[in-house]
Amino acid sequence: MLQQSNQDSITISDSNGISTTIHFKNIVEWINEGIFCVNADGKILYANEQYCRNLGYSRTELVGQSITKFFYSEKYVKISLQKLELRKKGLSDVYEIKMRRKNGDAIWVRVNGKPIFDSNGKFVCSVGIHIDITKQKELEEELIHAKEDLEAKVIARTRELSETNQKLNQQIKEKRIAEISLVHSEKRFRDIYLNSPDAIYVESMEGVILDVNDATCRLHRSTEKELIGKTIYQLSPPALHDIIRERQPKIVSGEIRKFESECITEDGTILPIEISVAPIRYKDNPALLMHVRDVSDRKKHQNLLQELNEALEEKVKQRTKEIEDARTEIEKQKNFLSQIIDASPGLIFVKDTDGRYLLINQTMADYHHVKKDEMVGRTDEFFQFRESDLKRYRDQDDQVIQNGNQIIFPEQPFLNKDTGEVTWLSVVKKVIPSLDGDSVNVLGVATDVTAIKKAKEDIAISEQLYREIARNLPKAAMFIFNKEMRYILAEGPLVGIISRRKEEIEGKTIYETMPESDYSGIEEMYQQILKGNTKEFEQVLYGRTLRIHHIPIRNAEGEIIYGMVMTFDVTDLTTTQQELLKRNDDLKRSNEELERFAYVASHDLQGPLRTIASYLQLLELRNRGKLDKESNEFIDFSIKGAKRLQAVIQDLLTYAKISSTPKPFASVDMNTIAEVVLKNLESTIQTSGARIELGSLPIVIGDALQLTQVLQNLIDNGMKFVKDRTPVISVNSTENDQEWEISVSDNGIGIREDFKEHIFKIFQRLHTESEYTGTGVGLAICKKIVHLHGGKIWLDSVPEQGTTFHFTIAKKPREADSNHL
Ligand code: ADP
């Protein structure tokens, strides 16, 4: 079967090939409603003008489309498809369905659908009449809504009515109850009014009493009759009338509802009262209901309370004063303690367990250059200590807190960042309870032990020094002990030989190291040393000669702190000394022998020499002019040689005689000696034209002849060793405790530095005989004589300018130095 359709007709071919064309135009002519036709698949085959208008589409837009596209929702699509199925089964019916217009509006349509079958009874299409029933539907909906509203309103109104009804019933009920209770309450009020223990009365707004109860009568000691008609002024003490006058309008206006006042009774008693006011209507007029209470008791109690209060206040004041006084006292004590703490030379501080300072004393503040108060609440970090020091202090605090006991931290180094100096503190830390008692604090007291430490180190150094000295002293022993008689040092090669071993002595007292029989004597001896007595003596012990020195050891302040016994083994020294003495004796002897020999030799040589000289001179006299020139010269040389030899021997004899013919010393006036010398040298002085200046000279102890020799030699030399100038000699003297010093100055040729010692030796001369005559013995004689007088001789000289010889004479003559050669 072939189906063809266009906009106006539909052609259907049956199985026999016969086609049927249906022209809708014809149908539309007689139906003036929307017409449409769908095939078995629901596709629109035809839609007339009205149908198109209903949906708002053009026919072209509709034909060929599935009709399901135009329903309002799925619900209506479903209905439509069900209807199509019914059509296919040959059923026609009318139904209402909701569709959607092109502009989106809903349109309600009533569809009258019919199926169309071909001649073979096969379903061709479904034709429907489409009537727009939107308006009708809207009316229906409005009607439904209106009906629903009405129903709701009826329900609500019914509910309101029943509620109002209920309320009305309730009000009626309450009114009835109120009426009943009013009757009761008025009665009750009257009962209360009449029987109240408090006075109650009614007064007019002007203060006239209108009604009273029994209690009012009792209060005023009056009858009802007497009271009614009176004014409140009459019932009050006159002193209050002004107040009442001022107060009454306020009571009337309701400003005052409660107040205190006084009333006066019939017998004139004045009672304190408390009044509460309420405005009422009394016999249809406004009035005041006054509720009066006698507050005498309360006043009494109040007064009592007042008194008690005052007493209490007094006590509180007193107690406060006591507390204040106590506080002042505490403050005073605190200041006092604070002063003591500040005055302490030690650094005192208190820290909490977090290391925060609660207190430091002035000494500590000064030590760290901080202010006392600024440290409160701060930690050690504030001091900017080295990290290592901070940690050490923290650890120490922790240790003390954990340990709970006092701990001493000796010699803690402290670096002063400003000066770079390290000082040493000995710190004692202790746990103390905190002021609030809930925790603990760390109390610390630090003492600067730098000086002690240094002193200790100094002692250690000096001990080491002593030890080293003693160790290196040959054959010596050193024992140092303190005031407790305890040996602090035993050192030296002799320790262990003349005493116990070092280990058995050091650190022990004398009482521990020796038997009582020994130590009593030693103790006395040591005590003497500690008192400052030095002693030096020899003692033979174990076949050795020991030289023992007792020496007190003092500190820098001069106090004796230790005693020392130094022992030297002088056995060998003594032997050597004895040998030396012996040798000295031998030498002295040989010297004396030599001097004797020189004396004897020069003495004995003098005779023959004199003979030789005399004969030579005789020979010269006899043969003058007879001998040739050369022979005369020989004789001349011989005479000169003999004379010189004579002079040398003479001087040597003088030299030898000095000690071989000793004379006892006597007081010698050097001024006299000087005069003798000038006399002796008179001719030389005159020849040379010398000027001799004599200063004041002392009186000395000595040998006059010998001292004459010394002075004469020096003045003579002074005149002799001059070149191209007139000799000027000055003799002067000085003195000190021990000796006199005499000096002889000249203006001569001077003596070179390197000859200053040399010229004092015998026969030592700096010039030839032809330059300056002499034997070279004079100064040797001077030196020997000066030595015999316990003095010394030396010179200062400036070459070409002059020489000054100095010699001294001991004020206390000592034994002559025999070793003078
Ligand atoms: P003499 O005078 O017999 O030579 P002395 O013993 O008196 O012997 O002196 C030794 C030497 O010291 C002298 O020869 C001389 O060279 C030197 N001398 C001594 N006195 C002086 C003096 N006043 N000035 C310079 N030289 C001096």
Side-chain angles (χ1 to χ4, degrees), residues 595 598 602 609 640-659 673-674 677-678 680-681 683-685 687-695 705-733 741-789 791-808 820-821:
E595 278 181 6
S602 48
L609 196 59
K640 274 186 182 162
K643 275 187 179 166
R644 182 161 168 70
L645 194 60
Q646 254 186 325
V648 170
I649 287 171
Q650 183 62 47
D651 283 351
L652 192 62
L653 191 63
T654 310
Y655 182 83
K657 262 174 31 188
I658 291 169
S659 49
I673 299 284
V677 169
L678 294 192
N680 292 347
L681 296 173
S683 67
T684 321
I685 295 169
T687 318
S688 64
R691 197 169 82 236
I692 316 289
E693 296 166 352
L694 290 180
L705 198 63
Q706 289 180 350
L707 292 174
T708 309
Q709 269 178 317
V710 173
L711 199 59
Q712 190 165 321
N713 268 344
L714 296 177
I715 295 176
D716 195 20
N717 279 351
M719 289 191 291
K720 187 161 63 174
F721 295 103
V722 181
K723 215 171 167 185
D724 310 329
R725 64 180 78 150
T726 308
V728 179
I729 315 288
S730 56
V731 183
N732 292 295
S733 72
E741 183 185 317
I742 295 170
S743 57
V744 179
S745 308
D746 62 47
N747 57 344
I749 57 172
I751 298 164
R752 268 170 48 193
E753 183 71 28
D754 44 346
F755 293 126
K756 277 184 174 177
E757 298 292 327
H758 186 67
I759 56 169
F760 287 102
K761 289 179 186 159
I762 195 162
F763 301 131
Q764 297 302 322
R765 307 194 71 238
L766 305 178
H767 308 280
T768 59
E769 176 67 12
S770 57
E771 283 178 295
Y772 298 103
T773 56
T775 58
V777 182
L779 289 180
I781 289 171
C782 288
K783 184 176 178 185
K784 195 172 176 187
I785 292 171
V786 168
H787 274 206
L788 283 171
H789 282 77
K792 51 191 188 305
I793 184 165
W794 71 100
L795 62 90
D796 302 319
S797 181
V798 180
E800 309 299 330
Q801 285 187 29
T803 307
T804 302
F805 280 89
H806 307 267
F807 68 92
T808 58
H820 51 267
L821 272 178

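Whatever order the structure lists them in is the order used to number ligands and atoms, beginning at 1. What's counted below: heavy atoms across the whole structure, side chains too, no hydrogens, waters or symmetry copies. Quick caveat, the model's predicted, so the values are computed rather than measured.
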Problem set entry | Over 12 foreign heavy atoms within 6.0 Å of CD, E757 |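 Counting neighbours around CD of E757, 12 or fewer heavy atoms of other residues, nucleotides or ligands fall under 6.0 Å, so no.
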Show the nearest heavy-atom pair for residues [X] and [Y], with the distance to one decimal.
| X | Y | value |
| --- | --- | --- |
| I742 | S733 | CG1-CB, 4.1 Å |
| M719 | A690 | SD-CB, 3.5 Å |
| H758 | L766 | CD2-CD2, 4.3 Å |

[options]: member with heavy atom nearest to [atom]:
| atom | options | value |
| --- | --- | --- |
| atom 4 (O) of ligand 1 | K723, R765, K783 | R765 |
| atom 23 (N) of ligand 1 | I781, L766, T803, D746 | D746 |
| atom 14 (O) of ligand 1 | F805, F721, F763 | F721 |
| atom 16 (O) of ligand 1 | E769, M719, E771, H767 | H767 |

Problem set entry | Per-atom contacts of ligand 1 with G774, taking only distances under 4.0 Å to non-hydrogen atoms |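 Counting atoms of ligand 1 from 1, those under 4.0 Å from G774 are 1 (P), 3 (O), 4 (O).
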Exercise. Just which atoms of ligand 1 are under 4.0 Å from any heavy atom in V777?
Worked result: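 What qualifies from ligand 1 is 6 (O), 8 (O).
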For [atom], what is the closest protein heavy atom, and at what distance to 0.1 Å?
| atom | value |
| --- | --- |
| atom 2 (O) of ligand 1 | K720 NZ, 2.8 Å |
| atom 3 (O) of ligand 1 | T775 N, 2.8 Å |
| atom 6 (O) of ligand 1 | L779 N, 2.9 Å |

Check whether any N or O atom of [X], backbone or side chain, sits under 3.5 Å from an N or O atom of ligand 1, and answer yes or no.
| X | answer |
| --- | --- |
| I759 | no |
| I749 | no |
| Q764 | no |
| N717 | yes |
| G776 | yes |

Mark yes or no for whether [X], through its side chain, and [Y], through its backbone, hold a donor-acceptor pair below 3.5 Å.
| X | Y | answer |
| --- | --- | --- |
| E741 | F807 | no |
| R644 | G774 | yes |
| N747 | T726 | yes |
| K720 | Y772 | no |
| T808 | K792 | yes |

For this session: Taking the side chain as every heavy atom from C-beta outward, state whether V710 and H789 have any atom pair closer than 4.5 Å.
Result: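 A side-chain contact under 4.5 Å is absent here.
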Exercise. For ligand 1, is there an atom lying under 4.0 Å from some heavy atom of N713?
Worked result: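 No; N713 lies far enough from ligand 1 that no heavy-atom distance drops under 4.0 Å.
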